[in-house]
Trainee: 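What follows is a structure written as structure tokens; I'll ask about it next.
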Amino acid sequence: MTTEAPGSTSTPRTRAERRRDTEHRLAHDVDLWVASASPDGAPFLVPLSFDWDGRTLLLATLADGPTGRNLAAGGTARLALGHTRDVVTIDGDVETLAIDALPPERRERFEARTGFDPYALGSRYRWYRVTPRRVQAWREADELRGRELMRDGSWLD
């Protein structure tokens, strides 16, 4: 993984380096920001824990909370990992699942990674599986060009 201090003036990373850094962040980070909107367009932003299985991100939250309602109604979300000088944004399609819909090994993997077991909290929680459609990664202005790593659900070369 490429690491630079915030505010660095290194040369821009290649797409391959950005993808490698993004996949490392997906595999090792535990929390991300989830942006959603209500049917009338009111935005909502919340941090949630996640698990990445190599294809989708798994989140859990209260079904009747603002984020749960927004994700279920809108079917899309924007996720963000990292800090403002090394950010990954993910736009994805959301599938809502009942809390008992996952196989035990998938639930256990989520709990082991995040330290949070929404299944134990009962039916008020839902799983939200996000399939990325678009992924972008950049650090500073010199990386704005070429920041798109995935388009229409396919990684770019």
Side-chain angles (χ1 to χ4, degrees), residues 1 6-7 18-19 21-141 143-156:
M1 181 176 102
R18 291 181 205 207
R19 179 173 172 181
D21 291 349
T22 296
E23 289 178 329
H24 183 272
R25 187 173 292 283
L26 286 165
H28 293 89
D29 286 13
V30 176
D31 301 312
L32 49 67
W33 289 98
V34 179
S36 63
S38 67
D40 65 356
F44 199 75
L45 182 67
V46 64
L48 291 178
S49 297
F50 76 97
D51 182 44
W52 168 250
D53 67 5
R55 290 187 41 241
T56 63
L57 296 101
L58 186 63
L59 317 169
T61 194
L62 287 167
D64 62 356
T67 300
R69 288 191 314 265
N70 294 348
L71 294 175
T76 63
R78 173 167 276 190
L79 313 176
L81 293 97
H83 51 83
T84 57
R85 296 231 176 172
D86 190 4
V87 67
V88 173
T89 62
I90 300 168
D91 296 318
D93 297 318
V94 178
E95 176 186 7
T96 303
L97 303 165
I99 200 64
D100 60 356
L102 296 178
E105 59 274 3
R106 187 68 175 105
R107 293 191 323 252
E108 291 164 5
R109 176 185 156 124
F110 181 92
E111 180 184 1
R113 177 181 164 113
T114 66
F116 172 55
D117 181 11
Y119 183 76
L121 299 174
S123 62
R124 294 183 54 215
Y125 277 77
R126 296 284 182 277
W127 297 109
Y128 300 88
R129 186 168 31 212
V130 181
T131 302
R133 275 185 290 102
R134 184 177 190 211
V135 176
Q136 297 180 49
W138 69 95
R139 289 191 174 144
E140 297 184 29
E143 285 197 358
L144 289 176
R145 170 180 261 167
R147 67 184 173 261
E148 191 169 41
L149 304 178
M150 177 185 282
R151 185 181 311 128
D152 299 325
S154 296
W155 291 104
L156 304 174

Trainee: Name the residue from Thr67, Leu57, Thr61, Leu45 that meets the side chain to side chain contact (heavy atoms under 4.5 Å, CB included) definition with Val34.
Mentor: Thr67
Trainee: What is the distance from atom CG of Asp91 to atom OG1 of Thr76, rounded to the nearest 0.5 Å?
Mentor: 8.0 Å
Trainee: Between Gly92 and Val130, which heavy-atom pair has the shortest distance, and what is it?
Mentor: CA-CG1, 3.8 Å
Trainee: Looking at CZ of Arg18 and CZ of Arg139, how far apart are the two atoms once the value is rounded to the nearest 0.5 Å?
Mentor: 9.0 Å
Trainee: Sequence neighbours left out, what passes ring-ring contact (aromatic ring centres under 6.0 Å, His included) with Tyr119? Give chain and number order.
Mentor: none
Trainee: Go through the structure and list residues passing ring-ring contact (aromatic ring centres under 6.0 Å, His included) with Trp52, not counting sequence neighbours.
Mentor: none
Trainee: Identify the two heavy atoms, one from Ile99 and one from Ser123, that lie closest to each other, and give their separation to 0.1 Å.
Mentor: CG2-CA, 4.0 Å
Trainee: Going by salt bridge (Lys or Arg N to Asp or Glu O under 4.0 Å), name the residues that satisfy it together with Arg133, two or more places apart in sequence or in a different chain.
Mentor: Asp93
Trainee: In Å and rounded to the nearest 0.5 Å, what is the CG to CG distance from Leu62 to Leu121?
Mentor: 8.5 Å
Trainee: Who are the side-chain contact (heavy atoms from CB on, under 4.5 Å) partners of Arg106, not counting sequence neighbours?
Mentor: Asp51, Asp53, Leu58, Leu102, Pro103, Arg109
Trainee: Do Leu97 and Arg129 have side chains that approach each other closer than 4.5 Å (heavy atoms only, starting at C-beta)?
Mentor: yes
Trainee: Not counting sequence neighbours, which residues clear salt bridge (Lys or Arg N to Asp or Glu O under 4.0 Å) with Asp100? List them please.
Mentor: none
Trainee: So, using ring-ring contact (aromatic ring centres under 6.0 Å, His included) as the criterion, who are the partners of Phe116 when residues are at least two apart?
Mentor: Tyr125
Trainee: What residues, two or more places apart in sequence or in another chain, satisfy side-chain contact (heavy atoms from CB on, under 4.5 Å) together with Ala63?
Mentor: Arg126, Tyr128
Trainee: Hey, what do you get for OG1 (Thr89) to CG (Leu32), rounding to the nearest 0.5 Å?
Mentor: 12.0 Å
Trainee: Determine the sole option in Arg151, Met150, Arg147, Glu143 for which the side chain to side chain contact (heavy atoms under 4.5 Å, CB included) test with Gln136 is passed.
Mentor: Arg147
Trainee: Once salt bridge (Lys or Arg N to Asp or Glu O under 4.0 Å) is applied, do any residues pair with Glu23, and if so which ones, sequence neighbours excluded?
Mentor: Arg19
Trainee: What side-chain hydrogen bond (donor to acceptor under 3.5 Å, both in side chains) pairs are there with at least one residue in residues 32-49, not counting sequence neighbours?
Mentor: Asp31-Ser49, Ser36-Asn70, Ser38-Asp40
Trainee: Let's go through Leu156 and Glu148 carefully: what are the C-alpha distance in whole Å and the side-chain angles of both, what is the deciding distance for side chain to side chain contact (heavy atoms under 4.5 Å, CB included) to 0.1 Å, and is it a yes or a no?
Mentor: CA-CA 8 Å; Leu156 304 174; Glu148 191 169 41; 4.1 Å; yes
Trainee: Apply the test side chain to side chain contact (heavy atoms under 4.5 Å, CB included) to residues Leu79 and Leu48: give CA-CA distance (whole Å), side-chain angles for both, the deciding distance (0.1 Å), then the verdict.
Mentor: CA-CA 10 Å; Leu79 313 176; Leu48 291 178; over 6 Å; no
Trainee: Listed by chain and number, what are the ring-ring contact (aromatic ring centres under 6.0 Å, His included) partners of Phe50, not counting sequence neighbours?
Mentor: none
Trainee: For Val88, check side-chain contact (heavy atoms from CB on, under 4.5 Å) against everything at least two apart and list the hits.
Mentor: Thr22, Arg25, Leu81, Ile90, Val135, Ala137
Trainee: Can you name the salt bridge (Lys or Arg N to Asp or Glu O under 4.0 Å) partners of Glu108, sequence neighbours left out?
Mentor: none
